[in-house]
Amino acid sequence: VTSAGVRDSQLMQRVALQDREAMAEVYDRYAARVYGLCLRILEEAQLAEDMLQEVFVRVWQRAYQYEPSRGSLMTWLMGVARNTCIDQLRRQRVRPQALQQPDSLDALPFEEGLVDPDGDVPGQADMNARAALVRRALARLTPEQQLVIHLSYFRGLTRREIARNLQWPEGTVHTRARLALQNLRRHLDELGLEPSELE
Amino acid sequence: MNEHVHDLLALYALGGLEPDDLRQVEAHLERCYACWRRADGLLHLAGDVGASTPAIEPPVRLRAAVLERAVRTAAPVGRRSRAPSRRSPAAAQPVAVRLAGVHALATGVLAILVAVLMAWNYQLTAEFNTLRQQFRVQQAAVALISSPSTQALPLGGLGPAADSSGRAYVDPDSRNVVLIVQRLSPLEQGKTYQAWVISDGQAVPAGLFAVTRSGWGMTWLSAPSPPGSVIGVSVEPEGGSDQPSEVVLLSGS
């Protein structure tokens, strides 16, 4: 566990004990990341702000559920944020209807904001550097693999919805999802990024 | 491993399963530790995808609102301020002073008690999570061992560990393995037991484990065992090795 991991673990322990200063510190450290993800998924500032609030309410209420041994606080927060936003998206059914089959896989919405292989890494150096490397690894995936990640993770579409929208066989959807994560891991290894998981 | 479930793990991690598939995958993960580990790894990878999104500073005005709302939703009982006493000023002053003192003392004791209980609760939750994970591992191992289709490979002790023995339980579909050993000597500090899957003359590291004082140990191998492979156990320096050095147990021996 890194020293940042130890700090985060202690911080979350304090949050679980209802320490407001610790909560403020978690917010200051991670709000920009959470808000970035909320905006990316919801594409609407007001909704993203609402969901940012919702995410931090959950952090306050469920801090005791965070298990440092299972991964970084960033990963946990991203999971909470993603699920909160996708629940909202599915409730409102805003995005699925807006989805259009792309004319060409060369012009994916996925690449608009996420894939920025040469993006600068100022400020919170570690997190930004890691994020930039992950973006670079994502950019190396095939357009089909990027698309399946985009639609499932960032748009909350299910396998059958993706198959229906893109007119891919269902088996193709999960094969491309599997290859996408498999290749992502390989590219991360090649870029020298320590995997943040158990395997 | 259920092939269908294996195919769905990536979409499970990306949050792209329909409720029926989700239920099927989660039911499988409850009883298959190898798949659970795989899914856990993929979930972390999906977390990296989320964290790769560029950070965007939220409007400054949100900070106070977010923190206020979060904290307001679940304020612990012990920290709620209590309304001041509205006793009549006509009440005897010494009694009021005494009551105020008792009240302050009681509030302080209560606050300390609440803090202690919450710390205790946090610790118990952490222990519970650890035990739950251990239980999950054991439960999955029991399910594999008791399955009629599971293959059991005996392991025999070698050299100084000649009295030791073991058994590798192999799932015929996934080739995942639960290894149980007995009468292996507990190791001195700085050393560890390491499991291996040996196939076509190549030894693949399959995880580190320790044994109890009575020499009993159980572990899920981190590498599948292809048909015809051999399972081995060696003694290695802490942290494990790339190749086995002192082999003490081997299947087929």
Colleague: For B:Glu57, is there an ion pair with A:Arg33 - N to carboxylate O distance below 4.0 angstrom?
Modeller: no
Colleague: Are A:Arg20 and A:Glu25 within salt-bridge range, i.e. N to O under 4.0 Å?
Modeller: no
Colleague: Using heavy-atom distances under 4.5 Å, tell me whether B:Leu67 contacts chain A through its side chain, its backbone, both, or neither.
Modeller: side chain
Colleague: In terms of heavy-atom pairs under 4.5 Å with chain A, which of B:Gly16, B:Gly47, B:Ala13 leads?
Modeller: B:Gly16
Colleague: Between the side chains of A:Arg155 and A:Glu43, is the shortest nitrogen-to-carboxylate-oxygen separation below 4.0 Å, so that they form an ion pair?
Modeller: yes
Colleague: Which atoms of A:Leu181 are under 4.5 Å from chain B, going by heavy atoms: the side chain, the backbone, both sets, or neither?
Modeller: both
Colleague: So which of B:Asp21, B:Val66, B:Leu22 has the largest heavy-atom pair count under 4.5 angstrom toward chain A?
Modeller: B:Val66
Colleague: I'd like to know which of A:Gln53, A:Arg178, A:Met78 tops the heavy-atom pair count under 4.5 Å against chain B.
Modeller: A:Gln53
Colleague: Counting only non-hydrogen atoms closer than 4.5 Å, does A:Tyr27 touch chain B with its backbone (N, CA, C, O), its side chain (CB onward), both, or neither?
Modeller: side chain
Colleague: Most heavy-atom pairs under 4.5 angstrom with chain B, which of A:Gln182, A:Arg160, A:Arg176?
Modeller: A:Arg160
Colleague: Using the ring of each side chain (for Trp, its six-membered ring), is B:Phe209 parallel, tilted or perpendicular to B:Tyr193, with breaks at 30° and 60°?
Modeller: parallel
Colleague: Quick check on the interface: out of A:Met23, A:Glu49, A:Arg58, who has the most heavy-atom pairs with chain B under 4.5 Å?
Modeller: A:Glu49
Colleague: Under 3.5 Å, is there a donor-acceptor pair linking the side chains of A:Thr175 and A:Thr172?
Modeller: no
Colleague: Nearest heavy-atom pair of A:Leu157 and A:Glu161: which atoms, and what distance?
Modeller: CA-OE1, 3.3 Å
